[in-house]
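Data block below; observations after.
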Amino acid sequence: MNWLSNNFDKVIDPLGPHLVISLLPVLFGLVISIPLGWVANRWPVARAILVPAAGILYTIPSLVLFLVLPPLLGTKVLDEINVIVALTIYTVALLVRSVADALAAVPSHVIAAANAMGYRPVRRFFGVELPLAVPVLIAGLRVATVSNISLTSVAAILGVPQLGALFTDGFSVENYDEIIVGIVLIFLLAMVFDGLLLLLGRLLTPWARAGRTVGAK
């Protein structure tokens with residue numbers, strides 16, 4: 001606690017960059033994964049290609065990806081965009097299956113009812129299928145968000161400013177208080193955003209709460 005109180009700026013300054021680097025890829029990955037997951041759900045051949053391909057992307061070691069991307073993107077090794085692109089790839093790898101599974105979980109009779117009510121495909125997707133897919137989709141987003149908040153710290157090895165610098169600095173001077181503060185802070189961030197996504201999921205699915213209430217009666 002003494003180290004934290006004496007080095008508060010050293011903890012607060014990298015907090016913002018860490019959140020930006022961790023959370024922007026979740027947003028970008030979601031935007032990319034929704035159409036890919038829709039395609040994977042609609043056509044079995046597409047699912048047989050997209051889901052395994054996404055799984056392979058997640059097996060690429062993060063440090064390797066951080067080093068390979070700069071020459072491909074024309075950026076410098078220390079640019080935050082390398083980490084954002086790498087984590088976006090990991091997010092897509094996690095979410096393509098989640099989106100496909102979430103859309104597949106929508107009951108067919110609900111889709112048939114929407115068709116009978118005159119819903120066009122686009123309106124049906126955004127008005128019926130996507131809202132009903134939220135519970136499964138939120139579960140995938142929680143995994144991706146927690147994973148990104150943790151993986152971002154690896155980029156500190158390359159010198160990208162964020163909370164992972166507490167690990168590299170702590171190891172370099174054998175300051176274990178600094179390392180422990182870094183571990184606890186990243187863990188707390190992951191838990192906070194996991195809880196926020198869980199709350200968001202409940203707010204977006206009021207029918208689920210109503211169903212549980214009726215079932216309890």
Side-chain angles (χ1 to χ4, degrees), residues 19-59 81 83-152 189-216:
L19 289 177
V20 170
I21 294 171
S22 301
L23 300 181
L24 272 183
V26 177
L27 178 61
F28 295 153
L30 178 63
V31 171
I32 296 170
S33 298
I34 286 179
L36 291 177
W38 178 82
V39 170
N41 176 58
R42 189 171 178 85
W43 290 288
V45 174
R47 183 185 179 94
I49 297 172
L50 289 173
V51 172
I56 291 172
L57 286 177
Y58 200 75
T59 64
I81 189 143
V83 186
I84 292 173
V85 171
L87 294 183
T88 299
I89 292 172
Y90 286 136
T91 303
V92 171
L94 287 171
L95 289 185
V96 167
R97 176 186 288 274
S98 294
V99 174
D101 290 346
L103 293 174
V106 178
S108 58
H109 68 271
V110 173
I111 296 175
N115 290 334
M117 293 172 66
Y119 277 69
R120 300 281 186 182
V122 174
R123 184 186 173 201
R124 187 188 68 206
F125 177 76
F126 287 103
V128 178
E129 295 177 68
L130 191 56
L132 290 177
V134 163
V136 179
L137 192 52
I138 285 290
L141 280 174
R142 290 172 63 192
V143 173
T145 301
V146 170
S147 174
N148 281 1
I149 289 174
S150 175
L151 279 176
T152 296
L189 279 179
M191 292 300 99
V192 166
F193 280 92
D194 182 65
L196 288 174
L197 282 172
L198 184 61
L199 178 62
L200 178 64
R202 290 180 178 175
L203 292 175
L204 291 176
T205 56
W207 59 85
R209 296 196 304 276
R212 284 195 294 269
T213 303
V214 172

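This one's a predicted model, so the numbers in the text were calculated from it and none came from an experiment.
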Taking Thr145 as the fixed residue, which of Val143, Asn148, Ile149 is the one that meets the side-chain contact (heavy atoms from CB on, under 4.5 Å) rule? Ile149
Could you go through residues 95-121 and list every donor-acceptor pair under 3.5 Å that involves a side-chain atom there, pairing it with any protein atom two or more places apart or in another chain?
unit_1 : atom_1 : unit_2 : atom_2 : d
Ser98  : OG     : Leu94  : O      : 3.3
Asp101 : OD1    : Arg47  : NH2    : 2.6
Asn115 : OD1    : Arg124 : NH1    : 2.7
Asn115 : ND2    : Ile111 : O      : 3.3

Nearest 0.5 Å, what's the [atom1]-[atom2] distance between [X] and [Y]?
X      : Y      : atom1 : atom2 : value
Phe193 : Leu199 : CZ    : CG    : 13.0 Å
Trp43  : Ile49  : CH2   : CD1   : 12.5 Å
Thr88  : Leu30  : OG1   : CG    : 11.5 Å
Ile84  : Leu27  : CD1   : CG    : 11.0 Å
Thr59  : Tyr90  : OG1   : OH    : 8.0 Å
Ile138 : Arg142 : CD1   : CZ    : 9.0 Å

Smallest separation among heavy atoms of [X] and [Y], with atom names:
X     : Y      : value
Ser22 : Thr152 : OG-OG1, 2.9 Å
Tyr58 : Ser147 : OH-OG, 2.9 Å
Ile32 : Leu36  : O-CG, 3.4 Å

Can you name the residues that form a ring pair (Phe, Tyr, Trp, His ring centres under 6.0 Å) with Phe126, not counting sequence neighbours? none
Given side chain to side chain contact (heavy atoms under 4.5 Å, CB included), test Leu200 with Leu196 step by step and report yes or no. CA-CA 6 Å; Leu200 178 64; Leu196 288 174; over 6 Å; no
side-chain hydrogen bond (donor to acceptor under 3.5 Å, both in side chains): pairs with one or both residues in residues 23-38, sequence neighbours excluded: none
